[in-house]
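Here is the structure we will look at, set down as structure tokens.
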There are 2 protein chains.
Amino acid sequence: MSAHTSRRQRLRQATLEEIHTAARKLLVEQGSAAVTINAVARQVGMSGPALYHYYASHDELVGAVTADFFRELAAAMEQARDGHADASLGERILAVCRAMRAWSTAHPAEFGWIFASPITPHNRRPDSVRHQAALRFEQVLLDLMVELWRTRPFPVPDLADLPASLREQLTAYSATLDGRLPPEAAHVFLSCWTRLYGLLCMEVLHQLDFAYTDMEPVYEQCLRDLAATLGLDSHAPA
Amino acid sequence: MSAHTSRRQRLRQATLEEIHTAARKLLVEQGSAAVTINAVARQVGMSGPALYHYYASHDELVGAVTADFFRELAAAMEQARDGHADASLGERILAVCRAMRAWSTAHPAEFGWIFASPITPHNRRPDSVRHQAALRFEQVLLDLMVELWRTRPFPVPDLADLPASLREQLTAYSATLDGRLPPEAAHVFLSCWTRLYGLLCMEVLHQLDFAYTDMEPVYEQCLRDLAATLGLDSHAPA
DNA sequence: CTAGATTTCTTAGAGGCACTAAGGAAACAT
DNA sequence: ATGTTTCCTTAGTGCCTCTAAGAAATCTAG
């Protein structure tokens with residue numbers, strides 16, 4: 001309860017950081033299969049079972065490290081956003097999207113871990129650290145899109161043109177956003193998100209290797225398409 | 001060399017099938033982690049090490065089963081194509097895309113296994129069964145797009161409008177297709193492929209659960225977009 | 001038809017994994 | 001100073017992949 005952090009708490013915190021560092025090192029150098037409780041413990045200089053005083057299970061360790069990666073990714077995107085605070089909203093959105101890919105290509109192992117590792121039941125719980133960090137990540141672009149919608153609404157399809165079941169889902173999702181985006185704007189946001197995120201996902205999972213050796217211009221082309229969709233390319237600053 | 005299959009060969013073939021069936025059963029009922037050499041062997045009724053007479057390693061077994069799934073998926077798509085032989089090419093393309101998702105939603109465990117399981121070095125080799133089966137899968141839609149391009153060319157961007165590095169990659173890829181699609185048409189094909197496949201990938205990896213509970217109308221909406229891109233929605237049959 | 005080679009399977013075992021149990025030692029709180 | 005909490009140890013269970021050595025069944029060739 002006290003603001004004072006005891007010696008024990010400080011030591012524990014330091015050990016936790018050491019554990020995360022060791023796990024990440026193993027992931028980057030030897031792949032996700034090498035991130036075992038035993039190997040991590042060896043790396044930090046304690047014997048296997050000792051690690052259970054920090055995480056109750058292998059799943060929990062994985063979730064904690066994954067949350068770290070999400071937070072780092074989100075922070076990179078937030079930094080890009082804040083670093084272009086004086087630029088137009090459109091440029092800020094593009095900068096954030098580029099930061100998203102930049103982090104992923106600079107940290108392919110971590111990025112692959114985030115997406116390709118199956119989400120265990122424990123980490124699917126909405127109150128898990130992993131889930132919370134994933135939300136923060138998703139939030140960055142969502143917030144910008146909300147602001148864009150407020151200040152300079154982008155073109156949206158007519159709700160009546162969408163099939164009923166899609167309309168219902170969009171309405172429900174819009175409600176979870178406290179109506180900050182109406183359903184048809186949520187549809188546009190989700191379309192953009194899907195294309196960006198899907199493209200990154202496929203790059204990481206090497207599903208496009210048969211055609212592309214360098215995905216950077218492919219991603220840039222995708223960004224140009226999205227900018228057009230959102231009306232960002234007209235020269236008036238948003 | 002003889003066309004005659006010996007008794008031993010027949011027995012071996014039957015055992016191989018039994019192994020694949022057992023592995024798939026374990027995957028579907030207990031998840032990918034349950035597909036171990038030992039568990040599969042138990043299921044088939046032999047002891048662990050015996051399975052090494054059929055596959056040299058766990059990786060190889062995984063690759064063989066994955067190839068099965070790819071082949072089944074490709075077959076489902078080919079069947080949709082051939083089952084609509086009298087329909088317009090546009091309808092055939094849409095039928096194939098729907099078959100692709102239909103198989104995936106009917107077999108979520110298998111589909112997830114295909115994409116989310118990391119491709120081990122052994123299975124990355126171009127001569128691996130996995131790779132071969134993956135090629136056949138990709139080929140189905142590519143062939144239809146080639147035919148579409150031949151009979152009713154779809155709109156393409158001007159190559160000069162694409163960045164140089166993208167142009168080079170598209171040219172190289174076009175060459176691997178023996179020029180059946182020029183670079184700018186290959187770009188359109190790859191864009192469509194990326195959006196379809198990326199959407200499925202995200203559905204399988206549950207990356208859109210925060211917004212959608214039923215992806216079917218989302219996929220249909222994506223198909224409508226692609227149809228428009230390819231000029232399939234004009235009523236003249238392609 | 002029989003003797004050797006091949007294939008298929010067994011058990012035994014090495015080394016690693018996640019995780020539990022039981023206990024010692026240090027740090028802390030009272 | 002005493003009792004509690006925390007941290008870490010070793011020992012052990014049962015799983016895993018994969019190797020080794022050998023038995024039994026099957027095929028092949030003289």
Side-chain angles (χ1 to χ4, degrees), chain A residues 1-20 22-23 25-27 29-66 113 117-118 120-123, chain B residues 1-20 22-23 25-27 29-66 113 117-118 120-123:
Chain A
M1 264 293 110
S2 70
H4 161 259
T5 59
S6 73
R7 171 180 154 74
R8 264 207 181 139
Q9 283 172 320
R10 268 178 290 122
L11 279 180
R12 186 180 181 83
Q13 204 53 45
T15 308
L16 280 171
E17 273 171 37
E18 209 179 337
I19 288 171
H20 288 210
K25 182 181 162 75
L26 285 166
L27 168 67
E29 293 180 358
Q30 297 173 240
S32 64
V35 185
T36 67
I37 293 275
N38 284 334
V40 170
R42 258 196 308 277
Q43 191 84 25
V44 301
M46 56 172 88
S47 263
L51 221 140
Y52 285 88
H53 282 271
Y54 298 93
Y55 291 106
S57 68
H58 183 249
D59 276 5
E60 211 172 275
L61 170 62
V62 167
V65 175
T66 309
W113 171 284
S117 72
T120 59
H122 169 267
N123 286 310
Chain B
M1 266 292 112
S2 71
H4 161 258
T5 60
S6 74
R7 169 180 155 75
R8 263 204 183 143
Q9 284 172 318
R10 267 178 291 122
L11 279 180
R12 187 180 181 84
Q13 203 53 46
T15 307
L16 280 171
E17 274 171 34
E18 210 179 335
I19 288 171
H20 287 210
K25 181 181 162 75
L26 284 166
L27 168 66
E29 294 180 358
Q30 297 173 240
S32 64
V35 186
T36 67
I37 294 272
N38 283 335
V40 170
R42 256 196 309 275
Q43 191 87 25
V44 182
M46 56 171 89
S47 263
L51 222 140
Y52 285 87
H53 282 270
Y54 297 92
Y55 292 106
S57 69
H58 183 249
D59 276 5
E60 209 173 276
L61 169 61
V62 167
V65 175
T66 309
W113 171 283
S117 72
T120 60
H122 169 266
N123 287 310

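Heavy atoms only: backbone and side chains are in, while hydrogens, waters and symmetry mates are out. Residue numbering restarts at 1 for every chain, and letters A, B, ... go by the order of the sequence lines.
Here B/Y54 reaches the OP1 or OP2 of C/dC9: one of its side-chain N or O atoms lies under 4.0 Å away. For A/N38, no side-chain nitrogen or oxygen approaches OP1 or OP2 of C/dG16 to under 4.0 Å. Distances shorter than 4.0 Å separate some side-chain N or O of A/T36 from OP1 or OP2 on C/dC17. For the pair A/R42 and C/dC17, the criterion of a side-chain N or O lying under 4.0 Å from OP1 or OP2 is met. For the pair A/R12 and C/dA27, the criterion of a side-chain N or O lying under 4.0 Å from OP1 or OP2 is not met. Residue A/S57 places none of its side-chain N or O atoms closer than 4.0 Å to OP1 or OP2 of C/dA18.
The interatomic distance linking B/L51 (CG) with C/dT8 (C1') rounds to 12 Å, in whole Å. Atom CG of B/L11 is separated from atom C1' of C/dC9 by 13 Å (rounded to the nearest Å). Rounded to whole angstrom, the span from the NE2 atom of A/H122 across to the P atom of C/dC19 amounts to 11 Å. Atom CD in A/E60 sits about 14 Å away from atom P in C/dA18, given to the nearest Å. Going from atom CZ of A/R10 over to atom P of D/dT6 covers 17 Å, rounded to whole Å. The separation between B/H58 atom NE2 and D/dT19 atom P is 14 Å, rounded to whole Å. The nearest whole Å value for the distance from the CD atom in A/Q9 to the P atom in C/dC28 is 11 Å. Atom CD1 of A/I37 and atom P of C/dT20 are 10 Å apart (whole Å).
With distances taken from any side-chain atom of A/A39 to the nucleotides D/dT10, D/dT17, C/dC17, the minimum falls on C/dC17. Checking C/dA18, C/dC9, C/dA12 against every side-chain atom of B/P49, the shortest atom distance belongs to C/dA12. Closest to the side chain of B/Y52, out of D/dA11, D/dT17, D/dC16, is D/dT17. Minimum atom distance to the side chain of A/H53 is reached by D/dC7, of the listed C/dT10, D/dC7, C/dC17. Among the nucleotides D/dT9, D/dC16, C/dA18, the one closest to any side-chain atom of A/M46 is D/dT9.
Put simply, the side chain of B/V62 does not reach to within 4.5 Å of the side chain of B/V35, judged on heavy atoms.
Atom OH of B/Y54 is separated from atom CD1 of B/I37 by 13.0 Å, given to the nearest 0.5 angstrom. The CE atom of A/M46 sits 7.0 Å away from the CD atom of A/E18 when rounded to the nearest 0.5 Å. Atom CG of A/L26 is separated from atom CD of A/E29 by 7.5 Å, given to the nearest 0.5 angstrom. Distance check: A/L27 CG to A/K25 NZ gives 12.5 Å after rounding to the nearest 0.5 Å.
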